[in-house]
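Notes follow once the structure below has been shown.
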Amino acid sequence: MADVTLNSPNAASLADSGPIQPASRPNLDKGFNPLTMILFFGVLAAGLLYVAYSIYSDVDATGTKITTLVPYILLFVALLIALGFEFVNGFHDTANAVATVIYTHSLPAEFAVMWSGFFNFLGVLLSSGAVAFGIVSLLPVELILQVGSSAGFAMVFALLIAAIIWNLGTWYLGLPASSSHTLIGSIIGVGVANAVMRGRDGTSGVDWTKATEIGYALLLSPLFGFCVAAILLLLLKFIVRNPALYQAPEGNQPPPLWIRSILIATCTGVSFAHGSNDGQKGMGLIMLILIGTVPTAYALNRALPESQVAQFQKTSDAASKVIAAKGAGHSIIGDPRPAVTQYVSARKISEGTYPSLAVLVKEVGDQVQKYGTLNKVPAEAVGNTRNDMYLTSEAIRFLMKDKENDLNKEDLAALKDYKASLDNATKFIPTWVKIAVAIALGLGTMVGWKRIVITVGEKIGKSHLTYAQGASAELVAAGTIGAADVFGLPVSTTHVLSSGVAGTMAANGSGLQMATIRNLLMAWVLTLPAAIMLSASLYVLFANIF
C-alpha cells in the first residue's frame, strides 16, 4: 500500500512541493547600510540649514535690525523641541502603518519604513492646516495673546516636553499610545494650571466645547476602526471568494502580486493620511513659537494679496454693522479689549460684550485701512494688530455658537465672512514650516519603529496576520484619518489602526491576546490624565523659572 501511495501522481506532486511552510517572523534586525545613514543625516542637516535660512530671509524682508540674539536662541531651542515632538511622533505612530506590509512580507522592513517616511513627508506638505489651528484653539486665549512673554514660553515648553516624555515612555514599553491624545492632554494641563495660578476655576482654562468635539473624535475613532474593519473583512469574504486573500504568508514568500499591490497601496494611504493629520499638530505650535519670538515676520500674513485686503474691508464693514446693531443703546469708555477677552474666556455675554466688540472691530478695520496692506504694518504695531485680529476672531467664533445671541442667517453669514478674513491674516503656515515638519516626521518614521511594529504584528491576535486582515485594517485607518483631516479634527493613527487589526482578528475568529488588548486600553485611558498632570506640573515649574 505504501508503494502504491508513493507512486501515485498526487503523492508525487505533494512530495515535490513539500509541506506548506508556516508564516515566519519577518527580519526586523537588518540594519540600514552606510549610504542610507549618510543620506539620513544629510537630509537632517539640510533641513536645519533650510529652516535657519528661511527665518533669516523672512526677518530680513521685514527690514528689522537684529539688536540681540536672545529671541533667536529661544526660537532655536523651541523649534528643536517642536520638531523633536514630530520626530518622535514619526517613529511612534507611523510604525502602525508599516506593520501590515512587513508581517505579510509585502515589503522588506527597511524599505517599508523608508517608503512610509516618504509618503508621510508628502502628506505633511499637502495638508490643509485646519487641524493645526484646531489644536491651537484649545489653548487659553490670554496665553496665546502673550505668547512672546515668559508665560507663553512656559506654555509651549511644558506641553511639548510633556508630550515627548509620555510618547517616549510608551514607545519604550512597546505600547501603541496616541500622540494626539498626548498632545491634547498636555494642552489641557497647561490651560488648567494657568487658570488655577490666576485664581480662577481650573475648568475655565480650556475651551471645553472644542475639547469635547476633539474628545469625541479621539474616543469614537478606535471603536469605529474596530467595527468597520471587522465588517469590511466579512464583506470581503462574502464578495471575493479567492482563498489566497484569507491566508497567512507561507514562509518568507511575498504574497501574489495583486494582493501585494493592495497591501502596499493601503500602507501608502495610511502613511499619507498620517502625515496630513498628525503633521499639522506640530505646525500650529511652531507658528505660536514664531509669533512669540519674531512677530515682525510671522504675526501677520504679509503674503496676503491686496485683493484680499480690500475684501477684508468689505467684510469688516458688514460685520461692524451687525455687531453695532446688537450693541445699540450701550456705550463704553476706554479700552474695549478686557471686556472682549473676558467674554472669550468665560463665554458669557454681558452688557459690555457687543459694544466693546463693535469698538474693537472698528479699530482693527482702521488699522488695516491706515496701512493699506499687511506687509506695510510697522514692526512696532504688528503684535498689537495681530492680537486684536485674533481676539476678534475668537469672540466672533463663540458668538456664532452662542444660542443667546439671537443672530439671524444674514447676520451669521456676515460674521462668518469677516472671521474668514481675519483668519486669512493671522492663521497661515509658511511653506518652510511644512517642509521642516515633513522632514522631521519622515525621518522619524525611519527610526525606532521596531517596538511598535512587533506589538501590532505579533501581540494583538493569536494567529498570524492574513492579507485580507492587513488590507482591511489599513483601508479603514486611511479613510478615517483622511475624513478627520477634512473636518479639522485630530484622530489617533495608533488607535484606529491597532483597533482595526483587533477587529479583523475578532471577525476572523483568530482570537485576541487579552494581555496586549488590556495594555492598549490602559494606555488609551491613562494617556490623557498622565499628559495633563505632566504638562501642568511642568508649566508651574517653567512659569516660576522664566
Between Val501 and Tyr103, is the side-chain contact (heavy atoms from CB on, under 4.5 Å) condition met? List the steps. CA-CA 12 Å; Val501 170; Tyr103 272 84; over 6 Å; no
[X] versus [Y], closest heavy-atom pair with distance:
| X | Y | result |
| --- | --- | --- |
| Arg386 | Ala299 | CG-O, 2.8 Å |
| Ile289 | Leu79 | CD1-N, 4.5 Å |
| Ala163 | Thr182 | CA-CG2, 3.4 Å |
| Ala112 | Leu107 | CB-CB, 4.0 Å |
| Val98 | Ser116 | CG1-CB, 3.4 Å |
| Gly47 | Ile439 | CA-CD1, 3.8 Å |

Side-chain ion pair, Arg302 and Asp58, N-O less than 4.0 Å: no
Are side-chain heavy atoms of [X] and [Y] found at a separation under 4.5 Å?
| X | Y | result |
| --- | --- | --- |
| Val476 | Leu497 | no |
| Thr527 | Trp166 | yes |
| Phe119 | Trp115 | yes |
| Glu394 | Leu391 | no |
| Met389 | Asp423 | no |
| Asn167 | Phe85 | yes |
| Asn301 | Thr426 | no |
| Leu285 | Val156 | no |

Please confirm whether the backbone N or O of Ala82 pairs with a side-chain atom of Glu86, one donor and one acceptor, at under 3.5 Å? no
Would you indicate whether Met400, at its atom CE, is surrounded by more than 12 heavy atoms from other residues, nucleotides or ligands within a distance under 6.0 Å? yes
Does atom OH (Tyr50) have a neighbourhood of more than 12 heavy atoms from anything else shown, all under 6.0 Å? yes
So if I apply the side-chain hydrogen bond (donor to acceptor under 3.5 Å, both in side chains) rule between Glu474 and each of Thr268, Thr266, Thr100, which one comes out positive? Thr100
Test log, rule side-chain contact (heavy atoms from CB on, under 4.5 Å), inputs Val124 and Ser276: CA-CA 5 Å; Val124 176; Ser276 178; over 6 Å; no
Parallel, tilted or perpendicular: ring planes of Phe118 versus Phe121, cut at 30 and 60 degrees: parallel
Test log, rule side-chain contact (heavy atoms from CB on, under 4.5 Å), inputs Leu44 and Leu443: CA-CA 8 Å; Leu44 183 63; Leu443 293 181; 3.9 Å; yes
Worked verdict on Leu288 versus Ile144 for side-chain contact (heavy atoms from CB on, under 4.5 Å): CA-CA 8 Å; Leu288 281 183; Ile144 294 177; 4.1 Å; yes
OG/Ser186 to OH/Tyr539 distance, rounded to the nearest 0.5 angstrom? 14.5 Å
